[in-house]
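Some notes on the structure that comes next.
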Amino acid sequence: GIVAEQSSLGNQASSWSWLENPSKSSSATDVRVLYMYGALDEKYATIGQRLAACEEKGASGGVVDVQAVADAGHALVEEAPDAVAQAILTHIRGGGGEVGSEVGSE
């Protein structure tokens with residue numbers, strides 16, 4: 001329905017300005033975000049690499065953990081369920097990973 005359409009990612013305002021310079025944001029957050037992408041998924045890998053670059057230069061204020069999943073494309077949960085589960089557990093336990101690190105490689 002209309003609620004789902006209005007909350008679609010395609011209809012949401014861009015967050016890049018906040019991610020790239022959160023000090024100019026009107027609100028701060030203590031919530032960390034885990035962004036995972038399949039290393040074989042070009043579109044989301046590009047976004048992940050941009051997020052990792054924000055993290056590396058400290059621009060995003062350390063709120064995003066970026067994890068690539070090796071040998072996976074767009075369907076992470078189906079293609080690499082163990083790597084996804086391990087990354088989520090590490091994230092919620094506060095461990096994070098190295099920015100842009102890759103999980104699931106053998």
Side-chain angles (χ1 to χ4, degrees):
I2 193 155
V3 172
E5 183 178 309
Q6 290 174 344
S7 62
S8 158
L9 291 177
N11 292 327
Q12 294 178 354
S14 174
S15 295
W16 283 113
S17 61
W18 176 80
L19 286 166
E20 292 174 335
N21 194 357
S23 63
K24 291 187 177 181
S25 173
S26 59
S27 63
T29 181
D30 291 331
V31 177
R32 293 196 54 76
V33 174
L34 173 61
Y35 182 86
M36 296 181 69
Y37 63 92
L40 304 177
D41 184 338
E42 290 182 26
K43 177 180 179 180
Y44 290 96
T46 299
I47 293 170
Q49 291 159 2
R50 186 173 174 188
L51 284 169
C54 290
E55 279 296 299
E56 286 173 358
K57 65 182 182 182
S60 67
V63 298
V64 182
D65 289 331
V66 181
Q67 297 283 319
V69 178
D71 301 321
H74 190 72
L76 295 178
V77 175
E78 289 180 26
E79 296 176 37
D82 293 338
V84 170
Q86 186 58 51
I88 292 170
L89 285 172
T90 300
H91 177 77
I92 61 175
R93 290 178 179 153
E98 279 188 40
V99 173
S101 63
E102 196 167 270
V103 295
S105 53
E106 296 182 28

- Note on the structure: In short, Ala80 meets Ala72 closest at the heavy-atom pair CB-CB, 4.4 Å
- Query: In this structure, which one of Leu51, Val66, Val69 forms a side-chain contact (heavy atoms from CB on, under 4.5 Å) with Tyr37?
  - Reply: Val66
- Do you reckon Val64 sits in the same ILVMFWY cluster as Tyr44, going by side-chain contacts under 4.5 Å, direct or chained? yes
- So which heavy atom on Ala45 is nearest to which on Gly38, and how close? CB-O, 4.2 Å
- Spatial distance of atom CD1 (Ile88) from atom CD (Gln67) [nearest 0.5 Å]: 10.5 Å
- When clusters are formed by joining ILVMFWY residues with side-chain heavy atoms under 4.5 Å apart, either directly or through shared neighbours, do Leu40 and Val77 land in the same one? no
- From CA spacing to verdict: side-chain contact (heavy atoms from CB on, under 4.5 Å), Arg50, Thr46: CA-CA 6 Å; Arg50 186 173 174 188; Thr46 299; 5.9 Å; no
- Message: To the closest 0.5 Å, what do you measure between CG (Leu34) and CD1 (Ile92)?
- Response: 10.0 Å
- Item | Thr90 and Gln86, any side-chain heavy atoms less than 4.5 Å apart | yes
- Task: To the nearest 0.5 angstrom, please state how far the CD atom of Glu42 sits from the NE2 atom of His74.
- Result: 13.5 Å
